[in-house]
Amino acid sequence: MSDVLVTSARAEDRPAIKFLKRLVSIYVGGYHNVNIVSPCTVPSTGPAILVSNHVSSLDPVLLQWACPRLITWMMAREYYVPGTRWMFDVIRIIPVERSRRDLTATRAAMRALDGGHVLGIFPEGRLARDRNIGQFQTGVAMLGLKSGVGVYPAAIEGTMRDQGMLEACLFPQRAQIGFGPRVPLNPGDVSREGIERATRQIQDSVRALLARVR
């Protein structure tokens, strides 16, 4: 059986994953000041898609700390560099080529969902340029509609906004995180209008959640 098709429960039981989650717990809980405004809503088993706004390179770590499930992140390929690659391979990051439509990454995401994993996506595609949420890309809506898997919003805010990668991770930060209920999409409607409507629904759910977090 392919690694990506290992169930999420088995993946989370791997010694390497237990070790990394322990490190994350120590790093976030002992170094940063993070308040969970509303707890993680992702189901305890089965596939799910977690979407969030994106303010810093620390976001995936903080969201993973707040989520009991192991999150398989879709990440821009330029961050998949020597020195971090070993860790990304352990947690099975899906690298994405942002300069074009990356069908390889899309297929890997669908396989992760088929395997019962939680797929983490930042639909803005880049860090926010200001305090507003950027336009969401339609890929997350397409994945949710085609797979029928539930899409769950998260929102994050904190002092790491507008800081560089090293500054956000190396210095103590204060942050707020919130999770919301499943976005009520219409699975199977992959028409252009259906995808655009679902994208707006997902973005609106994250925007409303961010207002609560702030």
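Residue numbers start at 1 and run along the sequence shown. Predicted model, so just to flag it, every value in this text is computed and none were measured.
Here the CG atom belonging to Leu119 is positioned 10.0 Å from the CE atom belonging to Met110, to the nearest 0.5 angstrom. For the atom pair CG (Leu127) and CD (Glu124), the distance works out to 8.5 Å, reported to the nearest 0.5 Å. Atom OG of residue Ser52 and atom CD1 of residue Ile177 lie 8.0 Å apart, to the nearest 0.5 angstrom. Distance check: Ile156 CD1 to Leu62 CG gives 4.5 Å after rounding to the nearest 0.5 Å. Distance check, rounded to the nearest 0.5 Å: CD1 of Ile49 to NE2 of His117 gives 13.5 Å. In this structure, Lys21 NZ and Cys67 SG are separated by 7.0 Å, a value rounded to the nearest 0.5 Å.
The environment of CZ in Arg212 is sparse: at most 12 heavy-atom neighbours from other residues, nucleotides or ligands sit within 6.0 Å.
Side chain of Tyr31 to backbone of Leu170: a donor-acceptor contact under 3.5 angstrom is found. Panel note: side chain Asn186, backbone Asp189; no donor-acceptor pair is recorded below 3.5 Å. Of the possible polar contacts, none joining the Asn35 side chain to the Gln176 backbone as a donor-acceptor pair under 3.5 Å is found. Looking at Gln203, its side chain does come within 3.5 Å of a backbone N or O of Phe136 through a donor-acceptor pair. Between the Thr159 side chain and the Arg174 main chain, a donor and an acceptor come within less than 3.5 Å of each other. A donor-acceptor pair under 3.5 Å is formed between the side chain of Thr41 and the backbone N or O of Gly180. For the pair Ser56 (side chain) and Ala168 (backbone), a donor-acceptor distance under 3.5 Å is absent. Under a 3.5 Å cut-off, the side chain of His54 and the backbone N or O of Arg126 do not form any donor-acceptor pair.
What you find for Ala105 and Val96 is that their closest heavy atoms are CB-CG2, 3.9 Å. Of all heavy-atom pairs spanning Ala141 and Ile202, the tightest one is CA-CD1, 3.9 Å. Heavy atoms only, all atoms of each residue included: Leu209 and Gly178 are closest at CD2-O, 3.3 Å. Closest of all the heavy-atom pairs between Ala155 and Asn53 is CA-OD1, 3.2 Å. Looking at every heavy atom in both residues, Arg69 comes nearest to Gly116 through NH2-O, 3.1 Å. Taking every heavy atom of both residues into account, Leu145 and Ala198 meet most closely at CD1-CB, 3.9 Å.
A 4.5 Å side-chain heavy-atom check between Ile94 and Met75 finds every atom pair outside the cut-off. The closest side-chain heavy-atom distance from Phe122 to Asp59 is below 4.5 Å. At least one side-chain heavy atom of Leu70 sits less than 4.5 Å from a side-chain heavy atom of Gln64. Residues Leu50 and Phe179 meet the side-chain proximity criterion, which asks for heavy atoms closer than 4.5 Å. Looking at Ile71 and Val42, their side chains never come closer than 4.5 Å, going by heavy atoms from C-beta outward. A heavy-atom distance below 4.5 Å is not found between the side chains of Thr199 and Val140. Using a 4.5 Å cut-off on side-chain heavy atoms (C-beta onward), Gln173 and Gln163 make contact. A heavy-atom distance below 4.5 Å is not found between the side chains of Pro47 and Ser147.
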Inset, instruction - Please step through side chain to side chain contact (heavy atoms under 4.5 Å, CB included) for the pair Leu58 and His32, ending with a clear verdict. - result: CA-CA 11 Å; Leu58 188 59; His32 300 287; 4.0 Å; yes

Inset, instruction - Mind running salt bridge (Lys or Arg N to Asp or Glu O under 4.0 Å) on Arg161 and Glu157 for me, showing each step along the way? - result: CA-CA 7 Å; Arg161 179 185 285 274; Glu157 183 59 275; 3.0 Å; yes

Inset, instruction - Determine, step by step, whether Val206 and Val51 satisfy the side chain to side chain contact (heavy atoms under 4.5 Å, CB included) criterion, reporting the C-alpha distance in whole Å, the side-chain angles of both residues, the deciding distance to 0.1 Å, and the verdict. - result: CA-CA 8 Å; Val206 174; Val51 299; 4.0 Å; yes

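Residues Val24 and Ile26 do not share a hydrophobic cluster, clusters being chains of Ile/Leu/Val/Met/Phe/Trp/Tyr side chains in contact below 4.5 Å. When hydrophobic clusters are built by joining Ile, Leu, Val, Met, Phe, Trp and Tyr residues whose side-chain heavy atoms come closer than 4.5 Å, directly or via intermediates, Val213 is not grouped with Met160. Under a hydrophobic-cluster definition in which Ile, Leu, Val, Met, Phe, Trp and Tyr are linked whenever side-chain heavy atoms come within less than 4.5 Å, directly or via other members, Ile93 and Phe19 are assigned to the same cluster. Under the 4.5 Å side-chain heavy-atom criterion for Ile, Leu, Val, Met, Phe, Trp and Tyr, Val61 and Leu20 are members of the same hydrophobic cluster.
A distance of 6.0 Å or more separates the ring centres of Trp65 and Tyr27.
Here Glu196 pairs with Arg192 in a salt bridge; the nearest charged N to carboxylate O distance falls below 4.0 Å. Between Arg111 and Asp114 there is no salt bridge, since none of the side-chain N atoms of the basic residue sits less than 4.0 Å from a carboxylate O of the acidic one.
Considering Cys40, Pro181, Pro43 in turn, Pro43 is the only one that fulfils the side chain to side chain contact (heavy atoms under 4.5 Å, CB included) rule with Tyr152.
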